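Residue numbers run from 1 in the order of the sequence given. What you see is a predicted model, and the numbers here were worked out from it, not measured in a lab. Both counts, for ligands and for their atoms, begin at 1 and track the order of listing.
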Amino acid sequence: MGPAPELIAVIVVLLGPPGAGKGTQAAAAAAARTGWTHLSTGDLLREEVAAGSEVGRRAACYMERGDLVPDEIMVEMVSRRCQNLDPGGLLLLDGFPRTLPQAEALAGPATGRAVRLAVYFTAPDEVLVRRLLGRGRADDDEATVRHRLAVYHETTEPLVGFYQRQDLLRRIDADRDIPVIQTEFLEILDSVVADHRS
Ligand code: AMP
């Protein structure tokens with residue numbers, strides 16, 4: 001017999017294109033509830049780059065081009081983080097998985113824990129481009145932004161079907177005001193936690 005359900009961390013995957021506001025929404029949700037953690041793989045990678053670590057040096061050239069960092073680096077990084085999860089908590093995974101092999105690794109022994117929900121933030125590409133260009137990050141010039149969106153559509157979007165087939169997918173229209181989205185997002189998360197405990 002495994003541990004009691006309340007002792008297993010709930011993993012929630014956030015899906016959606018760059019610029020959909022996943023990071024903003026996840027940070028606000030984690031601040032609103034005790035025991036909820038926001039893990040952004042983009043933020044983790046930027047920290048590694050800033051620190052000049054080996055992972056950072058390997059990842060930097062992919063990130064600058066708007067390409068995906070290789071799966072082996074990402075899976076290793078996320079599984080390390082998942083080993084010391086708060087067992088009663090909820091983990092909001094922002095920016096991972098982005099490929100099918102990453103999603104399969106997350107479902108398997110890399111974490112030892114199942115994904116309970118995937119929340120899919122949607123918005124039209126033109127809205128995303130406008131938002132991303134206004135953000136002013138190093139990888140946010142127009143050509144790189146368009147490339148990141150193309151990579152998203154080709155490689156990451158198929159994960160929508162992956163989670164839908166497992167009946168884990170919920171959609172959120174991300175082309176609305178931040179507080180409206182946050183209310184809907186929290187409702188979805190609160191209900192998955194309540195289901196998990198019952
Ligand atoms: P983000 O902040 O989520 O937009 O991520 C910034 C960049 O980090 C991406 O454009 C990728 O180069 C890289 N990255 C973040 N998460 C992943 C991932 N799960 N797989 C591959 N590359 C990633």
Side-chain angles (χ1 to χ4, degrees), residues 11-30 37-83 85 91-108 110-111 113 115 117-123 125 127-163 172 174 178 181 185:
I11 295 184
V12 175
V13 162
L14 307 184
L15 284 179
K22 303 182 296 292
T24 303
Q25 292 296 335
T37 306
H38 169 211
L39 188 71
S40 154
T41 48
D43 286 348
L44 282 184
L45 287 168
R46 282 183 288 275
E47 281 166 23
E48 299 278 355
V49 172
S53 70
E54 200 206 319
V55 165
R57 282 198 298 275
R58 287 171 70 196
C61 56
Y62 298 99
M63 295 170 74
E64 280 158 22
R65 289 195 302 258
D67 284 326
L68 294 180
V69 172
D71 288 336
E72 71 200 60
I73 297 179
M74 298 311 304
V75 169
E76 157 74 22
M77 183 181 223
V78 171
S79 34
R80 222 181 315 121
R81 289 284 173 141
C82 284
Q83 274 158 16
L85 278 187
L91 178 69
L92 294 162
L93 262 186
D94 163 18
F96 185 94
R98 264 176 154 102
T99 67
L100 208 49
Q102 290 179 14
E104 283 161 354
L106 184 62
T111 61
R113 294 169 172 88
V115 172
L117 176 74
V119 181
Y120 176 33
F121 292 81
T122 61
D125 273 11
V127 171
L128 302 167
V129 170
R130 215 180 321 124
R131 285 188 191 167
L132 291 166
L133 291 179
R135 212 159 64 165
R137 220 167 70 185
D139 57 350
D140 280 346
D141 67 89
E142 179 151 6
T144 314
V145 158
R146 296 222 177 255
H147 180 62
R148 278 160 57 211
L149 280 171
V151 169
Y152 166 78
H153 287 304
E154 188 173 323
T155 311
T156 307
E157 207 162 54
L159 297 185
V160 171
F162 176 86
Y163 288 112
I172 288 189
I178 290 174
I181 300 170
F185 186 41

Trainee: With respect to atom 5 (O) of ligand 1, which of R135, R148, M63, R98 exhibits the smallest heavy-atom separation?
Mentor: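 Comparing heavy atoms across R135, R148, M63, R98, the nearest one to atom 5 (O) of ligand 1 lies in R98.
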Trainee: Take a 6.0 Å sphere around CD1 of I178 and say whether it holds more than 12 heavy atoms from other residues, nucleotides or ligands.
Mentor: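 Result for CD1/I178: open.
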Trainee: With no hydrogens and no angle check, do the side chains of D125 and H153 hold a donor and an acceptor under 3.5 Å apart?
Mentor: yes
Trainee: Under 3.5 Å between any N/O of R46 and any N/O of ligand 1: does that happen in this structure?
Mentor: yes
Trainee: Would you say K22's side chain and Y120's backbone share a donor-acceptor pair under 3.5 angstrom?
Mentor: no
Trainee: Does S40 reach ligand 1 with a nitrogen or oxygen that is under 3.5 Å from one of the ligand's nitrogen or oxygen atoms?
Mentor: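 Checking ligand 1 against S40, no N or O pair falls under 3.5 Å apart.
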Trainee: Got a second to check how far M63's CE is from D139's CG, nearest 0.5 Å?
Mentor: 6.5 Å
Trainee: Starting from atom 14 (N) of ligand 1, find the nearest protein heavy-atom neighbour and note its residue, name and distance.
Mentor: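 Result for atom 14 (N) of ligand 1: L45 CD1, 3.4 Å.
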Trainee: Which of the atoms in ligand 1, numbered in the order shown and given with their element, are less than 4.0 Å from a heavy-atom of R137?
Mentor: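 Atoms satisfying the 4.0 Å criterion: 1 (P), 2 (O), 4 (O), 6 (C).
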Trainee: How long is the straight-line distance from CG of L149 back to OH of Y152, given to the nearest 0.5 Å?
Mentor: 9.5 Å
Trainee: If I compare all heavy atoms of A29 with all of L92, which pair ends up nearest, and what's the gap?
Mentor: CB-CD1, 4.1 Å
Trainee: Would you say the side-chain atoms of E47 pair up with the backbone N or O of G56, donor to acceptor, closer than 3.5 Å?
Mentor: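 No, the answer is negative, given that no donor and acceptor are paired below the 3.5 Å cut-off.
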Trainee: Looking only at protein heavy atoms, identify the closest one to atom 22 (N) of ligand 1 and say how far it is in Å.
Mentor: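 Scanning the protein heavy atoms, the shortest distance from atom 22 (N) of ligand 1 goes to V69 N, 3.0 Å.
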Trainee: Suppose I only count heavy atoms of G95 and a 4.0 Å limit; which atoms of ligand 1 are within that range?
Mentor: 16 (N), 17 (C), 18 (C), 19 (N)
Trainee: Within a distance under 4.0 Å of any heavy atom of D67, pick out the atoms of ligand 1 and give their elements.
Mentor: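 Going through ligand 1 atom by atom, the ones under 4.0 Å from D67 are 11 (C), 12 (O).
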Trainee: Side chain or backbone, does F96 bring an N or O within less than 3.5 Å of an N or O on ligand 1?
Mentor: no
Trainee: Check whether NZ of the Lys or CZ of the Arg R65 lies under 6.0 Å from the centre of the six-membered ring of Y62 and within 45 degrees of that ring's axis.
Mentor: yes
Trainee: What are the two closest heavy atoms between L14 and A26, and how far apart are they?
Mentor: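 Looking at all heavy atoms of both residues, the closest pair is CD1-CB, 3.6 Å.
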Trainee: Is there a polar contact, in the sense of an N or O pair closer than 3.5 Å, between M74 and ligand 1?
Mentor: no
Trainee: Would you say T41 has any N or O atom under 3.5 Å from an N or O of ligand 1, going by distance alone?
Mentor: yes
Trainee: N/O to N/O below 3.5 Å, does that happen between Q102 and ligand 1?
Mentor: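 Checking ligand 1 against Q102, an N or O pair does fall under 3.5 Å apart.
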Trainee: Is L68 touching ligand 1 with its side chain, its backbone, both, or neither, if touching means heavy atoms under 4.0 Å apart?
Mentor: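 L68 to ligand 1: contacts from backbone and side chain alike.
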